[in-house]
Amino acid sequence: MRSIRAAAVGAVTMSLALAATACGGGSATGGGSNDSPKTLTYWASNQGASIEIDKKVLQPELDKFEKQTGVKVKLEVVPWSDLLNRILTATTSGQGPDVLNIGNTWSASLQATGALLPWDAKQFDAIGGKDRFVASALGSTGAEGKDPAAVPLYSMAYALYYNKKMFADAGIANPPATWAELIADGKKLSKGGKWGLGAEGSNPSENIHHVFVFAKQHGADFFTADGKPDFTNDGVVSAVQQYVGLMASDKIIAPGNAEYAQNQSVSDFAKGKNAMLLWQSASANLKSQGMSEADYGIAPVPVQSGTPGTGANVNSMVAGINMAVFKNTHNLDGATEFVKFMTSDAEQKILNTAYSSIPPVAAAQADAAFNTPANAALKDTLAKSAAALPQVADESQFETAVGTAVKELFADAAAGRAVTAESVKAKLEKAQQQMPTK
């Protein structure tokens, strides 16, 4: 999901699932109706540097859709800090939009509520077929073995952004390929009020994305094969300690970053306060803040050793935004047509260019516009070395519980308190106790 958000909070519980199933509206079978064929409501996620920028990007495309179909789309861009709670409220009240964007990591959790339209073979055929989408994006659309709860809209991957001038001034010829190299470079760069690396220590979702990658590199997972939380295994503890250690012991992240949750690390990077940034598809955001593409380089996120790949050398979660339809929509045909429009080859090129993201639609992804050096690095990561976050019903609770534990550990680091394996395990034990019991 998109990292410019503040941390989304809230949990999907069984009561939500039952309430969602009982939502009013739609057809007798719960599969939507066409009672309001001339209008659609659309909750878009905040993808650009501001909500106003999103409106400028999206409204011309919505006008184009209305001209083609006669269906007017009422747009609301919802901040990431509000989006999950707004969606959860809608699943219980039945008063939601027709179409909405969701962070792809929420797919399985929202699928469990029963409020979203399943995308079976017939639904996918109505938008051109499931095989139009790349496999990595489809892997984050819902629980394995079930029809997807959403359709991929924007794909993203993490990369290492580095300031070329700051690297040259420090005598560093190449971006780091391993964490040991990143720490060594970071120490050279952390001087004179400037720091080697930026982080959003107070953003639970950002924290989850990074410790998930570290855990993969330690050969660990946060859930067992049968979907049970396993937050305190040795690999996870080592992963969390290594990530927070970039501030606590390596001291290449400014202590003040422990309070960052609203893109401050991106702004610091654009202003030359940090020499490196780990971020999802940041080019459009950096451009909006006045940083030229010539001023920074883009490299794969480091690994423990070797080069990025599958297994222990995973270096990104499969990031992105999915598009879902509420099951009780009053314009099922229009909603389906709108998803088809937004995922068409032409619109995918327009929208993903505007947001410096990667099209999850294979034909659009192959376009020359997405073969720049920056996009090539992101595409390569998605194809070879990215993994989907756990597609389990409790994923949103996992993000909140573990992400908050990491937030608290960053606060300890900023305050000068040691971040040990024991303190990490204690925080993770507390997080695991907050997970639903089956």
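Everything numeric here is computed off the predicted structure, so don't read it as measured data. FYI, side chains are in, hydrogens and waters are out, and symmetry mates aren't considered; it's all heavy atoms of this structure.
Shown here for D147 and Q111, the closest heavy-atom pair between the two residues is O-NE2, 2.9 Å. Closest heavy-atom contact between N207 and E200: OD1-O, 3.5 Å. Residue A284 comes nearest to A354 through the heavy atom pair CB-O, 3.8 Å, listed as atom of the first residue, atom of the second, then distance. Taking every heavy atom of both residues into account, N313 and S385 meet most closely at O-CB, 4.0 Å.
Classified by interplanar angle (parallel below 30°, tilted 30° to 60°, perpendicular above 60°), the ring pair F65/F341 is tilted. Ring geometry for F398 against F231 counts as tilted: the plane angle lies between 30° and 60°, on a 0 to 90° scale.
Within the model, atoms CD of E395 and CD of E399 stand 4.0 Å from one another, a figure rounded to the nearest 0.5 Å. Annotation: the span from T404 atom OG1 to I208 atom CD1 amounts to 8.5 Å, rounded to 0.5 Å. Rounded to the nearest 0.5 Å, atoms CE (M276) and OG (S190) are 7.5 Å apart. Separation of atoms OH (Y161) and CE (M291) is listed at 11.0 Å; rounding is to 0.5 Å.
Under the salt bridge (charged side-chain N to carboxylate O under 4.0 Å, His left out) criterion, D221 pairs with K216, sequence neighbours left out. Residues satisfying the side-chain hydrogen bond (donor to acceptor under 3.5 Å, both in side chains) criterion with N375, sequence neighbours excluded, are T372.
Checked for salt-bridge contact, E61 and K64 meet the test: a charged N lies under 4.0 Å from a carboxylate O. Taking 4.0 Å as the cut-off between side-chain N and carboxylate O, D82 and R86 do not count as a salt-bridged pair. Taking the charged nitrogens against the carboxylate oxygens, D345 and K349 have no contact shorter than 4.0 Å, which rules out a salt bridge.
Within 6.0 Å of the NZ atom in K74, the count of heavy atoms belonging to other residues, nucleotides or ligands does not exceed 12. For D234, the CG atom counts as loosely surrounded, since its 6.0 Å shell holds 12 or fewer non-hydrogen atoms of other residues, nucleotides or ligands. In this structure, K407 places its NZ atom where only 12 or fewer heavy-atom neighbours from other residues, nucleotides or ligands lie under 6.0 Å away. For NZ of K430, the number of neighbouring non-hydrogen atoms (other residues, nucleotides, ligands) closer than 6.0 Å is 12 at most. Around CD of E429, the count of heavy atoms belonging to other residues, nucleotides or ligands within 6.0 Å exceeds 12. By the 6.0 Å contact criterion, CD on E259 is open, its count of non-hydrogen atoms from other residues, nucleotides or ligands being 12 or less.
Checked against the 6.0 Å centroid criterion, the rings of Y296 and F167 do not qualify as a close aromatic pair. Taking the centre of each ring, F214 and W179 come in below the 6.0 Å mark.
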field: side chain to side chain donor-acceptor pair (under 3.5 Å) between Q289 and S267, worked out
entry: CA-CA 7 Å; Q289 299 192 55; S267 297; 2.8 Å; yes

task: Go through F222 and L389 one step at a time and tell me if the side chain to side chain contact (heavy atoms under 4.5 Å, CB included) criterion holds.
output: CA-CA 10 Å; F222 283 89; L389 262 72; over 6 Å; no

message: Applying side chain to side chain contact (heavy atoms under 4.5 Å, CB included) to T329 and L117, what does each step give before you reach the verdict?
response: CA-CA 9 Å; T329 174; L117 183 76; over 6 Å; no

- request: May I have the step-by-step check of salt bridge (Lys or Arg N to Asp or Glu O under 4.0 Å) for K55 and E52, ending in yes or no?
  value: CA-CA 5 Å; K55 290 178 179 177; E52 289 307 313; 3.6 Å; yes

